[in-house]
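First comes the structure, then the notes that go with it.
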Protein chains: 2
Amino acid sequence: MATISDVAARAGVSTATVSRTLNGKSTVDPALAAKVRAAAAELGYHPNALARNLRRQETAVLALIISDVENPFFTAIARGVEDIAQTAGYSVVLCNSDENEEKESRYLDVALQERVAGVIISPTGRSTDVSILRERGTPVVAVDRPLPAEPGDQVLVDTRRAACEATEHLLAEGYRHIACVTGPEGVRTADDRLEGYRDALRAAGITTELFRRSELRSAGAREATSELLDSAEPPDALLVINNTMAIGALEAFKARGIRAGRDVGIVAFDDAPWTTLVDPPLSVVTQPAYDIGTVAAKLLLARIGGGSDKPTATVLEARLVARASSRRTP
Amino acid sequence: MATISDVAARAGVSTATVSRTLNGKSTVDPALAAKVRAAAAELGYHPNALARNLRRQETAVLALIISDVENPFFTAIARGVEDIAQTAGYSVVLCNSDENEEKESRYLDVALQERVAGVIISPTGRSTDVSILRERGTPVVAVDRPLPAEPGDQVLVDTRRAACEATEHLLAEGYRHIACVTGPEGVRTADDRLEGYRDALRAAGITTELFRRSELRSAGAREATSELLDSAEPPDALLVINNTMAIGALEAFKARGIRAGRDVGIVAFDDAPWTTLVDPPLSVVTQPAYDIGTVAAKLLLARIGGGSDKPTATVLEARLVARASSRRTP
DNA sequence: TTGTATGCGTTATCAA
DNA sequence: TTGATAACGCATACAA
């Protein structure tokens, strides 16, 4: 591979001039610049980013660590991040922690070692530790879930309130024995949505709460839902806290010949393209996933640019989209 | 941040000994090694991968360039790649080309500049050019679609045959006026599946083919399907060439009150969690996406390891899963 | 087994 | 405006 010295030799100038020309930093004599460009083109010169990064002590790469690549909610965030990063000349490295603290910590380590310019992360659990990055001054923005014990930048959704509204909606439809299918303790969104569910029950004067926790996957939710449906006093409606789990819940319905809306009401978090295609259409709490990504990326870029004010916490709104799965049809 | 010299100073040894200890290359006196490790721990030393990469002229990073992050087919590939890469100590950078040749080429450039160890790519179009990587000796493996005019390593699916079988299945169910909703010309999978559809018609002695091309997204497929359904001689069955487009097709059905299986038969490529939840369940051609990822990653790692034999072309099998959407129900 | 010294390819500083 | 040169942090060839 051609190096900067090869280009310099061919253009009959110093490496410094080549560097200046190609980076457009300082002014260079137009004639020389043309020679440099010609030489670079002829040699098929591609600057070695490794060397540049080492010299500059920084990279034009953002790391995005998400907890589940197969969840459309997170891929939508990724799109948002990428779109903003692109325009600023940054590349995005997408890392899938898979709700696994070990993988997450390994990726945080890689991010540090590779000296990425900044990190956006949806923390997996209670013990996510980004202090190694903070110490080095690498900006970190948390999305979807806050970092434990950290007053850092965050882009979250008012998910407790949304869960409350969804539950209120089910109550308004006449459902009385509502259950919540949520995720593991310690996952903030799981806990918050459960709290929102409780808020609504409390406000309605209902004292018998009913919930199951499972891993954040369809298989777990299928089992949890099955348990609920097969219990002595099965719920007449369900609040499911993400769209992957909604699939599990609907599978459990299907296995029992239960029809959403008619037999058991259901509202799930996150919209997805398929939710209007199931029968009946699924009521959802839709979160501004793409916006979470763009807001987080802009915030991160601002931090990289040097804006080191106090930590920001942005809270976006979720919106209930009531469809037939939560409408009582006699 | 602590550097290797800091560790060396603290441990009272040379940087060479620190390097040797931490990389476990050459033998080091156990006592010294212990001192080095202690010093590294005390200083919170994290080796600078930038410097290491520059020195070694290689990185432990694979680039995976896929054409649509929001398509479950590609995220499944990503999981496969990641799982294999992990075990070999490599990180995976996931890049979303978004079916956009410009973004794709930008990512190829980044991959080259960052000197990644290898690249796995699902090429966007006819003009994808990886020669810059090849020239440098960076191994490249194509997945899902072959690289144009390149005898390189590939992991593909026998998709033409699968499309043929799916069409034969529709014929066997009694459908006679079958249409194909496919992607842009030049996208190999789109072309191959259309050919497979034609193979089946030809074998059955049917001469009137019917197809529409659209972009590989649900909106495009919705429009294409709508056109077909609203035409003078609407098809009695559809073959849709990916799962994102299937959503568009089903939306078009829904808007017209058409019930799959009863009114119009439909088979779509790619299985997804929701396909069994729609009513009626969607017949699919399921592709071994995860396996594509693992096979491609293993192949790439072998190439990185130095195995520079002739290019390999692996072709995996797809399988028809017939459900109610393609069963004629009188 | 350990240390010294060099270079990986850039960019930035300083003089000219 | 340009060029010579010194880092950046690490790994290794070579010498001890």
Side-chain angles (χ1 to χ4, degrees), chain A residues 1-37 39-40 43-61 89 109-110 112-117 136-138, chain B residues 1-37 39-40 43-61 89 109-110 112-117 136-138:
Chain A
M1 293 231 35
T3 72
I4 197 170
S5 332
D6 299 332
V7 178
R10 180 159 193 133
V13 299
S14 72
T15 59
T17 299
V18 176
S19 176
R20 280 191 282 254
T21 304
L22 267 28
N23 291 306
K25 287 285 180 186
S26 160
T27 45
V28 178
D29 182 78
L32 278 193
K35 273 172 124 177
V36 168
R37 273 183 243 283
L43 293 169
Y45 171 66
H46 291 265
N48 185 328
L50 268 35
R52 168 189 298 155
N53 295 340
L54 176 59
R55 175 62 232 231
R56 286 200 184 146
Q57 297 285 59
E58 65 178 21
T59 61
V61 175
D109 226 60
V110 171
L112 177 69
Q113 295 192 7
E114 299 281 346
R115 305 294 193 265
V116 299
R136 190 199 161 242
T138 305
Chain B
M1 293 232 36
T3 72
I4 197 171
S5 333
D6 299 332
V7 178
R10 180 160 194 129
V13 300
S14 73
T15 60
T17 300
V18 176
S19 175
R20 281 190 281 252
T21 304
L22 266 29
N23 291 307
K25 287 286 182 187
S26 163
T27 46
V28 178
D29 181 77
L32 277 193
K35 272 172 124 176
V36 168
R37 272 184 243 284
L43 292 170
Y45 171 66
H46 291 265
N48 185 329
L50 267 34
R52 170 191 295 155
N53 294 340
L54 177 58
R55 172 64 229 237
R56 286 196 183 149
Q57 295 287 58
E58 66 178 18
T59 60
V61 175
D109 225 60
V110 171
L112 177 68
Q113 293 192 8
E114 299 282 344
R115 305 293 194 266
V116 299
R136 191 199 159 242
T138 306

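In this text the structure is predicted, and so the values were computed from the model without any measurement. All chains are named by letter (A, B, ...) in the order of the sequence lines, taking the proteins before the strands, and each is independently numbered beginning at 1.
If you check residues 45-57 of chain A against DNA chain D, the residues with a heavy atom closer than 4.0 Å are A:Leu54, A:Arg55, A:Gln57, listed by number.
At least one side-chain nitrogen or oxygen of A:Ser19 sits closer than 4.0 Å to the OP1 or OP2 atom of C:dT11. Contact annotation: B:Thr27 reaches the phosphate of C:dT1 (side-chain N/O to OP1 or OP2, under 4.0 Å). A close approach under 4.0 Å does not occur between any side-chain nitrogen or oxygen of B:Ser14 and OP1 or OP2 of C:dT2.
Residue B:Thr3 comes nearest to B:Tyr45 through the heavy atom pair C-CE1, 3.5 Å, listed as atom of the first residue, atom of the second, then distance.
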Per-pair distances, 0.1 Å, donor-acceptor, side chain in residues 10-18 of chain A, under 3.5 Å, sequence neighbours excluded:
from	atom 1	to	atom 2	distance (Å)
A:Arg10	NE	A:Glu42	OE1	2.6
A:Arg10	NH2	A:Glu42	OE1	2.8
A:Ser14	OG	A:Ala16	N	3.4
A:Ser14	OG	A:Thr17	N	3.3
A:Ser14	OG	A:Thr17	OG1	3.4

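Counting non-hydrogen atoms under 4.0 angstrom, B:Val18 reaches nothing in the nucleic acid.
Spacing between atom CG of B:Leu43 and atom P of D:dG9 amounts to 14 Å, rounded to whole angstrom units. One atom, CZ of A:Arg115, and another, P of D:dC10, lie 7 Å apart when rounded to the nearest Å. Nucleotide D:dA13 holds its P atom 11 Å from the NZ atom of B:Lys25, rounded to whole Å. B:Ile4 has its CD1 atom 11 Å from the C1' atom of D:dT12, to the nearest Å. In this structure, the CD atom of A:Gln113 is 10 Å from the P atom of D:dA11, given to the nearest Å.
Between B:Leu112 and A:Met1 the shortest side-chain heavy-atom distance falls below 4.5 Å. Side-chain contact between A:Ile4 and A:Pro47: absent, with no pair of heavy atoms (C-beta onward) separated by less than 4.5 Å.
Mapped onto DNA chain C by nearest heavy atom, B:Pro30 and A:Ser5 fall at different nucleotides, with B:Pro30 at the one closer to the 5' end. Residue-to-nucleotide proximity on DNA chain C shows that, of B:Thr15 and B:Leu32, the 5′-proximal contact is made by B:Leu32. Both B:Met1 and A:Val13 lie near DNA chain D, and the one whose nearest nucleotide falls closer to the 5' end is A:Val13.
Of the possible polar contacts, one joining the B:Thr59 side chain to the B:Arg115 backbone as a donor-acceptor pair under 3.5 Å is found. A donor-acceptor pair under 3.5 Å is absent between the side-chain atoms of A:Asn23 and the main chain of A:Lys25, judged by distance alone.
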Open item on the list: Does B:Val61 form a side-chain contact (heavy atoms from CB on, under 4.5 Å) with A:Glu114? I'd like the steps, not just the answer.
Closed with: CA-CA 10 Å; B:Val61 175; A:Glu114 299 281 346; 4.0 Å; yes

TODO: Report the C-alpha separation of B:Val36 and B:Leu22 in whole Å, then their side-chain angles, then the decisive distance to 0.1 Å, and conclude whether the side-chain contact (heavy atoms from CB on, under 4.5 Å) test is met.
DONE: CA-CA 8 Å; B:Val36 168; B:Leu22 266 29; 3.9 Å; yes

Open item on the list: Apply side-chain contact (heavy atoms from CB on, under 4.5 Å) to residues A:Gln57 and B:Asn48 and explain how you reach the verdict.
Closed with: CA-CA 10 Å; A:Gln57 297 285 59; B:Asn48 185 329; 4.1 Å; yes

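Among the nucleotides C:dT11, D:dA11, D:dT12, the one closest to any side-chain atom of B:Ala16 is D:dT12. Of the candidates C:dT2, D:dC10, C:dT10, C:dT10 carries the atom nearest the A:Thr3 side chain, counting heavy atoms from C-beta on.
Interatomic distance, CG of A:Leu50 versus CG of A:Asn53, reported as 6.5 Å (0.5 Å rounding).
In the interface, the side chain of A:Arg20 is paired with the base of D:dG3 through a donor and an acceptor atom under 3.5 Å apart.
Rotation axes derived from the C1' atoms of the five outermost pairs at either end of the helix from C:dT1-D:dA16 to C:dA16-D:dT1 lie 40° apart, to the nearest 10°.
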